Amino acid sequence: MIAPGQSLGLLGGGQLGRMFVMAAQSMGYRVTVLDPGADSPAGTVADSHLRGDYLDDARLRELADTCAGATTEFENVPADSLRFLARHCVVSPAAESVAVAQDRIAEKSFLRDNGFPVAPFRVVRSLADLDGPEGGALVPGILKVSRFGYDGKGQARVRSLDEARAAWTSLGGEPCVLERWLPLARELSVVVARGFDGEVRTFPVAENHHQHGILDVSIVPARVPDALAAQARANAVALAEKLDYRGVLCVEFFVLDDRRLLVNEIAPRPHNSGHYTIDACVTSQFEQQVRVLAGVPLGDTALHSPAVMVNILGEAWMHAGGEPDWSAVFAHPRAKLHLYGKREARAGRKMGHYTVLADTLDEALAQALQIRERLRPLAQPAQSIPPEALA
Ligand code: ATP
Ligand code: MG
């Protein structure tokens, strides 16, 4: 067990890291962040900030020498860096697990080979991979680069194989997967934590709504039949066990029109759709990440009250012509504002989020959308979120 007072190392300086640092510090740990940025969201709140590349030997050595354990907030952290650290201190998650999640080809192949249902896909390493009758069954589809895609970046929707060929070239001719475009009834996610002793706990299922490929709203508990929510949680546990995963993992799911549940992708870290846990659960996903790394028992994941989380993107600053008027959030006594301390607001950049708690989910959703309307009235209207539960 790593006791409070000791130091934990974190690879990555983004908002997920910032919330990890805050959770760890409130439990009495010291945190050292390694990332290349000058004033990153996590680096500015950490006890110490090592500025450098994730592959910088000297920096990694310093982290290993000063920390009892290390984790990551960033799935593209080189697996070799985690391997290096694992020779000197406790590391969660393992390099091998991160390697699967950071490469879509490895990830989808792992899921399919282990019996987890996924969207029909094929690996595209050259234009020839788009020939043949199998390709025709995957359009209309979506072409996704295998590595370094996020928030819908590195993806292109294609209606035909000709469009797929053009898209593959304009995505840089990199290894990709072509996935069939599916009619989605809902999107769900489950954050699951698994300890070094194999203890495993899932958080309540989130129902996620995206805009322009970026998560917009998470509704918890997800408005789906109980059996479907239970199936999602069971799948997340099975996946964590199959990966022999030690840490916090998020599993994103698609629910098809016929109510079949598919795994979309996994993230080897806390997830944006799990931010609601900070305000709405006994234990947050970030505290859970600290608990796994420290080797202490997992915390209770029970939900205190229904919750709706809304992302705040750079557009809110553009709409306000400067700092947004936060009274839109503060006016609600059960709305909780979280800002990530990013200096520059850019379109599509995640700057913060808020979570609204209420006695009923309908009330939480209505208030959350009202606030959203005040922060960015130009956004697509709230109707894009189906008002009722999935039967
Ligand atoms: P993030 O890292 O933000 O989760 P990402 O860039 O890795 O996203 P995906 O999760 O693969 O990308 O896709 C983003 C969104 O695009 C999905 O949440 C879903 O709304 C839509 N989408 C992706 N693939 C499909 C598909 N095969 N059929 C229908 N919709 C899809
Ligand atoms: Mg996704």
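Here the structure is a predicted model, which means the values were calculated and not measured. Read the numbers this way: they start at 1 and go in the same order the structure lists the ligands and their atoms.
If you check the side chains of Thr32 and Ser48, you find a donor sitting under 3.5 Å from an acceptor. Under 3.5 Å, the side chains of His209 and Glu207 contain a donor-acceptor pair of N or O atoms. A donor-acceptor contact closer than 3.5 angstrom links the side chains of Asn208 and Ser189. The closest side-chain donor-acceptor pair between His338 and Asp279 falls under 3.5 angstrom. Between the side chains of Arg233 and Thr202, a donor-acceptor pair is found at a separation under 3.5 Å. With 3.5 Å as the limit, one finds a donor-acceptor pair spanning the side chains of His353 and Tyr340. A donor atom on one side chain and an acceptor atom on the other are found under 3.5 Å apart for Asp325 and Ser327.
Every atom of ligand 1 with a heavy atom of Glu252 under 4.0 Å away is listed here by number and element: 4 (O), 10 (O). Residue Asn264 approaches ligand 1 through these ligand atoms, each under 4.0 Å from one of its heavy atoms: 9 (P), 10 (O), 11 (O). The Gln155 neighbourhood of ligand 1 comprises atoms 5 (P), 6 (O), 9 (P), 11 (O), 12 (O), 13 (O), with distances under 4.0 Å to a heavy atom of that residue. Near Leu184, the atoms of ligand 1 lying under 4.0 angstrom from a non-hydrogen atom of the residue are 29 (C), 30 (N).
Contacts between Arg157 and ligand 1, counted as non-hydrogen atom pairs separated by less than 4.0 Å, are absent for every part of the residue. For Arg180, every heavy-atom contact with ligand 1 shorter than 4.0 Å involves the backbone, none the side chain.
The residue among Lys350, His271, Glu265, His212 with a heavy atom at the shortest distance from atom 1 (P) of ligand 1 is Glu265. Proximity annotation for atom 23 (C) of ligand 1: of Lys144, Arg104, Glu179, Lys144 comes nearest, heavy atoms only. Of the listed options Glu187, His210, Glu75, Lys153, Glu187 places a heavy atom closest to atom 19 (C) of ligand 1.
In this structure, Arg334 pairs ionically with Asp359, as a charged nitrogen and a carboxylate oxygen lie closer than 4.0 Å.
Checked against a 3.5 angstrom limit, the closest N/O atoms of Leu182 and ligand 1 fall inside it. Between Trp181 and ligand 1, no pair of N/O atoms sits closer than 3.5 Å.
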